[in-house]
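Encoded as structure tokens, the structure appears first; notes follow it.
The structure presented is a predicted model; accordingly, all values stated were derived computationally and were not measured. The sequence lines fix the lettering, A, B, ..., with proteins before strands; numbering per chain opens at 1.
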Number of protein chains: 2
Amino acid sequence: MKLGQATIKDIAKELNVSLSTVSRALKNYPGISEETKRRVKETAERLNYRPNAVALSLRQSKSFTIGVIIPEVVHFFFSTVISGIEEVAYANGYNVILCQTNEKYEREKSILDTMLANQVDGLLVSFSKETKDFDHFTKLIELELPIVFFDRIPAIDSSVHVTVNDFQGAYDAVTHLLQQGYKKIAHISGPENLTITKQRKEGYLKAIRDFDEAISYTKILECPSGNEDESFKLVNALFTNGEEKPDAIFAHHDLAAAGALMALKSLGIKIPEEVGLVGYSNWQFSSMIDPPLSTVSQPGASIGETATKLLLDMINKNGNTGTISKSVMLDTELIIRKSSSK
Amino acid sequence: MKLGQATIKDIAKELNVSLSTVSRALKNYPGISEETKRRVKETAERLNYRPNAVALSLRQSKSFTIGVIIPEVVHFFFSTVISGIEEVAYANGYNVILCQTNEKYEREKSILDTMLANQVDGLLVSFSKETKDFDHFTKLIELELPIVFFDRIPAIDSSVHVTVNDFQGAYDAVTHLLQQGYKKIAHISGPENLTITKQRKEGYLKAIRDFDEAISYTKILECPSGNEDESFKLVNALFTNGEEKPDAIFAHHDLAAAGALMALKSLGIKIPEEVGLVGYSNWQFSSMIDPPLSTVSQPGASIGETATKLLLDMINKNGNTGTISKSVMLDTELIIRKSSSK
DNA sequence: TTGTAGGCGTTATCAC
DNA sequence: GTGATAACGCCTACAA
């Protein structure tokens with residue numbers, strides 16, 4: 001904190017009035033003469049006065065700060081969510097404290113402590129891959145701390161969350177592949193404990209079941225890390241081990257799709273002619289790779305905005321007491337590019 | 001803030017001791033009986049006591065919070081910087097308040113006000129493309145608020161900043177192209193008012209001057225937005241307008257390089273055979289596009305870490321009083337991939 | 001070894 | 001219309 005920041009006290013001293021008068025004048029309270037108001041404001045301006053938000057927090061037991069806990073900022077998806085969060089928070093006079101767990105459970109708990117110590121008014125959370133136990137969150141929910149989960153949601157009944165319809169997103173993607181004439185579609189799956197992984201897997205399976213009874217090929221490659229290296233190896237193995245080969249791949253993530261793409265290319269397999277490919281998330285690079293990658297776009301900014309609005313509602317107990325904030329599910333959008341267009 | 005969070009007062013009441021005893025016991029002050037200490041700590045645990053950081057901030061005139069102002073989180077480079085910042089801040093018990101300017105000057109000023117109101121102990125700043133006047137920062141520096149600029153640095157003499165050696169990075173990239181046998185190298189430039197733009201441009205020119213007197217072709221395409229669409233158009237125009245054509249392109253950014261790459265491909269021009277290409281920043285997609293893009297890698301995490309360490313030093317006035325914190329310049333690394341390898 | 005009181009900056013509640 | 005005072009949660013110099 002800068003030394004010598006002017007306070008209300010300085011203004012009062014300067015003008016020989018009381019603290020309360022200054023406070024009231026600054027906030028345009030009734031019952032203060034226009035003259036006094038003018039003088040106070042002018043002095044405040046001159047002394048470069050700035051209200052001390054920390055003192056306000058203490059006084060009002062409200063910090064106007066929300067905590068955001070995410071796995072990693074470098075994930076394009078999360079960074080778009082952050083943008084959405086910031087936008088809404090900022091517009092409503094709230095600050096954002098941001099921390100990343102780096103996918104570590106211990107770190108997540110530690111961050112939570114810090115945020116609580118800092119009196120955040122509420123929390124936006126997408127928990128780590130390691131997190132399998134949600135006690136640290138349920139305790140807080142019981143204490144009525146507003147929490148909104150997004151993208152990765154916990155198995156807590158009363159939790160409020162914002163997700164995208166991952167089941168439908170996967171379903172659409174796989175249906176699209178089937179409609180393009182692909183008949184043997186494999187799925188590269190993701191981290192096991194996440195709901196999104198399960199949803200996408202189920203969407204994949206359901207799409208195949210629904211499309212045509214004659215089509216029954218399914219193959220799931222478990223790729224817990226979800227990154228391109230692991231995916232590269234898995235796909236490479238699948239196409240060289242003599243096993244029945246798929247003619248299309250639906251990856252649970254663009255990174256995994258990119259790994260698959262590189263593996264296929266290195267094996268001289270043509271995309272989309274021999275093998276079709278669809279990813280998930282619409283990362284920035286997806287449109288720039290060759291061939292451009294079809295993918296399922298998640299509305300990152302909307303997720304952030306929606307989650308933040310929900311949270312602010314909870315914080316401000318908007319809506320009549322009866323209206324409990326409800327979770328929201330947003331739609332995905334299938335983006336068809338060359339990698340799946342025969 | 002949650003209702004009913006236990007305070008020091010609650011513990012004192014519970015044990016019939018004074019506030020100061022509790023406070024001292026919790027902080028392991030000398031001169032407190034082991035017995036009392038034990039009882040206090042046990043009660044604290046039981047009541048789920050958590051020190052109130054806001055009260056501490058007020059009391060100590062120190063918030064243990066640093067403000068980070070960046071243009072946009074969705075830029076891969078900035079997100080890596082943030083990771084570095086978070087890492088160091090967190091390890092030293094500091095919180096991070098993050099705000100993005102979305103490249104808007106007005107927003108930047110407004111964010112600055114908010115951060116000051118929140119009594120940040122220091123600031124890490126990469127200002128917006130629109131910012132041409134630095135009064136809002138110089139005022140604060142005069143008030144001795146610690147500020148460290150990174151990546152984009154202002155024309156302020158006394159400013160402390162962390163940059164990468166953009167001149168050298170560009171120089172290396174262009175020299176590499178020349179060594180590969182390319183002789184007519186064009187440069188796609190970036191936002192005008194940024195030092196990094198100037199540095200990269202100069203590195204480009206110097207490399208050509210230094211390499212071989214016989215080579216004199218230079219061509220600079222101004223691309224103020226720096227994005228792939230604008231770059232696409234510029235390159236497309238350059239190669240179709242009958243003008244003398246370059247046989248290589250050094251782009252000031254990977255996004256611009258990606259635009260160039262798409263333009264060249266759409267014209268049927270082979271990379272790297274007919275035209276070589278090098279970008280800047282080593283974005284995630286660079287290794288995944290076809291051909292993989294040579295680029296200059298900036299150590300984002302290091303920048304963040306270094307800047308944060310510098311800032312914490314300034315905040316804590318480390319080093320003897322004489323030791324003024326100095327600015328730091330980090331090295332880039334040329335990453336050679338297919339797009340520039342004849 | 002423990003308790004008391006004042007203060008960090010602000011505002012709400014009284015009083016005048 | 002304005003002023004004095006207590007309180008938010010915590011720490012610490014000074015007393016006891």
What is the distance from NZ of B:Lys9 to P of D:dG9, rounded to the nearest Å?
6 Å

Between B:Arg59 (CZ) and C:dT10 (P), how many Å, whole number?
17 Å

At under 4.0 Å, does any side-chain N or O of A:Ser18 touch on OP1 or OP2 of D:dG3?
yes

Can a side chain N or O of B:Ser33 be found less than 4.0 Å away from OP1 or OP2 on C:dT2?
yes

Can you identify which nucleotide, out of C:dT10, C:dT2, D:dC8, has its nearest atom closest to the A:Leu58 side chain?
D:dC8

Side-chain N or O of A:Ser61 less than 4.0 angstrom from OP1 or OP2 on D:dC8?
no

Indicate yes or no: at least one non-hydrogen side-chain atom of B:Leu112 is less than 4.5 angstrom from one of B:Leu140.
yes

Should the pair A:Arg38-A:Glu45 be classified as a salt bridge under the 4.0 Å nitrogen-to-oxygen rule?
no

Would B:Ser83 and A:Gln100 count as having a side-chain donor-acceptor pair, cut-off 3.5 Å?
yes

Between B:Arg24 and B:Pro51, name the one whose nearest nucleotide on DNA chain D is closer to the 5' end.
B:Pro51

To the nearest Å, give me how far apart NZ (A:Lys13) and P (C:dT10) are.
13 Å

Looking at every strand, decide which applies to B:Val54 at a 4.0 Å heavy-atom threshold: base, sugar-phosphate, or nothing.
nothing

Ranking A:Thr21 and B:Lys27 by the position along DNA chain D of their nearest nucleotide, the one closer to 5' is A:Thr21

Phosphate OP1/OP2 of C:dT4: any B:Ser20 side-chain N/O under 4.0 Å
no

What integer distance in Å separates A:Leu116:CG from D:dG9:P?
16 Å

Quickly work out the A:Ile8 CD1 to D:dT2 P distance and round it to whole Å.
15 Å

Please state whether the phosphate of D:dT2, meaning OP1 or OP2, lies under 4.0 angstrom from any side-chain nitrogen or oxygen of A:Thr36.
yes

Measuring from atom OG of A:Ser63 to atom CG of B:Asn52, what distance do you get when rounded to the nearest 0.5 angstrom?
9.5 Å

Length of the OH-P vector between A:Tyr49 and C:dG9, whole Å
10 Å

What is the distance, to the nearest angstrom, from the OH atom on A:Tyr29 to the C1' atom on D:dG3?
16 Å

Side-chain N,O (A:Lys37) to OP1/OP2 (D:dG1) below 4.0 Å:
no

Out of D:dC10, D:dC11, C:dG3, whichever nucleotide has its closest atom nearest the side chain of B:Ala55
D:dC10

Whole angstroms only, please: what is the CD1-P distance between B:Ile32 and D:dT12?
13 Å

Classify the ring geometry between A:Phe78 and A:His75 as parallel (under 30°), tilted (30 to 60°) or perpendicular (over 60°).
tilted

